[in-house]
Amino acid sequence: MTMPPALRGALAAEWIKLWSVRSTWLALSFALLSGVGLGLIDTVSVVRSWDTLPPADRAAFDAAGSAFSGLPLAQLAFGVLGVLVVAGEYATGSIIPTLTAVPRRGLVYLAKAAVLAGTTLVFGETLAFGTFWLGQAVLAGHDLDADLGDPGILRAVSSAGLYLSVIAMIGFGLGALARQPAVGVAALFALVFLAYGVGRALEGWSYLPSRLTLSNAGDVVGQVHATAAKPRLPSLRLAYLTLAMYVTLALGGGGWRTARDA
């Protein structure tokens with residue numbers, strides 16, 4: 001099936017714009033440095049303290065999850081990138097020539113979302129698998145490493161990369177809703193980080209708010225044994241449903257705002 005010329009042109013334009021701004025390179029560079037660097041630091045720390053760890057901690061050790069200690073900062077970089085992709089144009093006024101060249105606002109929104117989703121998914125998976133393999137190289141010296149063929153490992157690693165892309169798309173939707181980078185980033189920060197604190201505060205009444213937070217969903221999909229003895233964490237199925245819900249609401253809200261006015 002041939003891609004419509006208008007969509008092909010819009011995708012090409014958004015691809016050029018994405019890679020022509022400094023914020024893209026800065027965000028992805030920060031994600032790479034924090035994701036790999038902090039993951040390696042935490043993995044080395046585990047190796048050095050392994051002999052003194054309590055038996056319960058050794059039994060709960062997750063060889064895949066330990067390499068992803070830097071992803072909480074990486075996810076923020078991905079989310080900020082998502083916000084800036086759309087809100088940056090509104091803040092600078094460059095959205096006017098964009099809509100002049102492509103008057104169909106829905107097409108512009110679709111092209112931006114598609115380019116961002118493809119880019120962040122590829123980079124997120126590359127970061128997740130690269131971080132995993134570096135972590136396993138450190139763990140291998142103490143026979144603590146895991147293999148992608150082990151139960152749950154491939155699913156956890158690929159899901160960690162997917163989660164980074166999910167955060168970027170949520171940031172994109174929030175950026176389209178807010179149209180101001182600062183407001184979009186603040187909303188993203190609240191959704192990813194502050195909501196976790198609210199959920200913890202409500203655990204005396206119910207664990208449901210905690211189970212529906214983005215951060216806990218990310219923890220579950222990016223680890224093999226994340227839910228063990230942690231009632232605040234959702235099941236694996238609920239975690240994936242939670243991510244899908246947030247993406248749907250964010251992109252739907254952003255699309256509604258885009259179609260509503262310029």
**Q.** Heavy-atom pair with the smallest gap, counting every atom of Thr120 and Ser165
**A.** OG1-OG, 3.0 Å
Q.
Under a 3.5 Å distance rule, please check whether Trp25 uses its side chain to pair with a backbone N or O of Trp19 as donor and acceptor.
A. yes
Q) Is there a side-chain contact between Leu238 and Thr242 (heavy atoms, below 4.5 Å)? A) yes
(Q) Do Phe68 and Val224 land in one hydrophobic cluster if side-chain heavy atoms of ILVMFWY residues count as linked below 4.5 Å? (A) yes
Q.
So Leu32 and Val36, do their side chains get closer than 4.5 Å, heavy atoms only?
A. yes
Q) How long is the span from the CZ atom in Arg232 to the CG atom in Leu208, to the nearest 0.5 Å? A) 14.5 Å
Q | Shortest non-hydrogen contact from Leu84 toward Ser23 | A | CD1-CB, 3.7 Å
Q.
Tell me whether Trp15 shares a hydrophobic cluster with Phe78, the cluster being built from Ile, Leu, Val, Met, Phe, Trp, Tyr side chains joined at under 4.5 Å.
A. yes
Q) Are Leu26 and Val83 grouped together when hydrophobic residues (ILVMFWY) are joined by side-chain heavy atoms under 4.5 angstrom apart? A) no
Q: For the residue pair Leu202 and Tyr207, establish whether any side-chain heavy-atom pair is separated by less than 4.5 Å.
A: no
Q: Check the surroundings of atom CZ in Arg104: do more than 12 heavy atoms from other residues, nucleotides or ligands lie under 6.0 Å from it?
A: no
Q: For the residue pair Tyr240 and Ser159, confirm or rule out a side-chain donor-acceptor distance under 3.5 Å.
A: yes
Q.
So Leu76 and Val192, do their side chains get closer than 4.5 Å, heavy atoms only?
A. no
Q: State, with a plain yes or no, whether a side-chain heavy atom of Phe30 is found less than 4.5 Å away from one of Leu81.
A: no
Q. About how many Å separate CG of Leu154 and CZ of Phe129, when rounded to the nearest 0.5 Å?
A. 5.0 Å
Q: Using atom types as modelled and distance alone, determine if a side-chain donor or acceptor of Ser20 lies under 3.5 Å from a backbone N or O of Ile16.
A: yes
Q.
As an exercise, state the distance from CG of Leu214 to OH of Tyr246, rounded to the nearest 0.5 Å.
A. 5.0 Å
Q) In the single-linkage hydrophobic clustering (I, L, V, M, F, W, Y; side-chain heavy atoms under 4.5 Å), do Phe132 and Val122 co-cluster? A) no
**Q.** Heavy-atom neighbours of Leu249 CG exceed 12 at 6.0 Å
**A.** yes
Q) Do Ser158 side-chain atoms and Arg155 backbone N/O form a donor-acceptor pair below 3.5 Å? A) yes
Q: Report yes if the side chains of Phe123 and Leu164 come closer than 4.5 Å at any heavy-atom pair, otherwise no.
A: no
**Q.** Donor-acceptor contact present, side-chain Arg211 to main-chain Pro231, <3.5 Å
**A.** yes
Q: State, with a plain yes or no, whether a side-chain heavy atom of Pro209 is found less than 4.5 Å away from one of Val198.
A: no
Q) Just checking, any donor-acceptor pair under 3.5 angstrom between side chains of Arg105 and Tyr109? A) no
Q. Distance from Leu107 atom CG to Glu14 atom CD, nearest 0.5 Å?
A. 9.0 Å
Q. Is there a donor-acceptor contact under 3.5 Å from the side chain of Asp42 to the main chain of Gly39?
A. no
Q | Least distance between heavy atoms, Gly135 atom then Thr43 atom | A | O-CG2, 3.7 Å
Q. Looking only at atom types and distance, does a side-chain atom of Arg179 sit under 3.5 Å from a main-chain N or O of Arg257, one as donor and one as acceptor?
A. yes
Q: Of all the heavy-atom pairs spanning Asn216 and Tyr196, show the shortest one and how long it is.
A: OD1-CE1, 3.4 Å
Q.
Among Thr258, Val115, Leu7, exactly one meets side-chain contact (heavy atoms from CB on, under 4.5 Å) together with Leu110. Which residue is that?
A. Leu7
Q. Side chains of Lys17 and Ser94: do they bring a donor and an acceptor to under 3.5 Å?
A. no
**Q.** Heavy-atom pair with the smallest gap, counting every atom of Leu127 and Ala74
**A.** CD2-CB, 4.2 Å
Q) Less than 4.5 Å apart, any side-chain heavy atom of Arg48 and any of Ser45? A) no
Q. Taking all non-hydrogen atoms of both residues, which atom of Pro234 and which atom of Val220 are closest, and how far apart?
A. O-CG2, 3.5 Å
Q: Check step by step if side-chain hydrogen bond (donor to acceptor under 3.5 Å, both in side chains) holds for Gln75 and Tyr163.
A: CA-CA 8 Å; Gln75 71 174 339; Tyr163 175 68; 2.6 Å; yes
Q) Are Val166 and Leu18 connected, step by step, through hydrophobic side chains (Ile, Leu, Val, Met, Phe, Trp, Tyr) whose heavy atoms are closer than 4.5 Å? A) yes
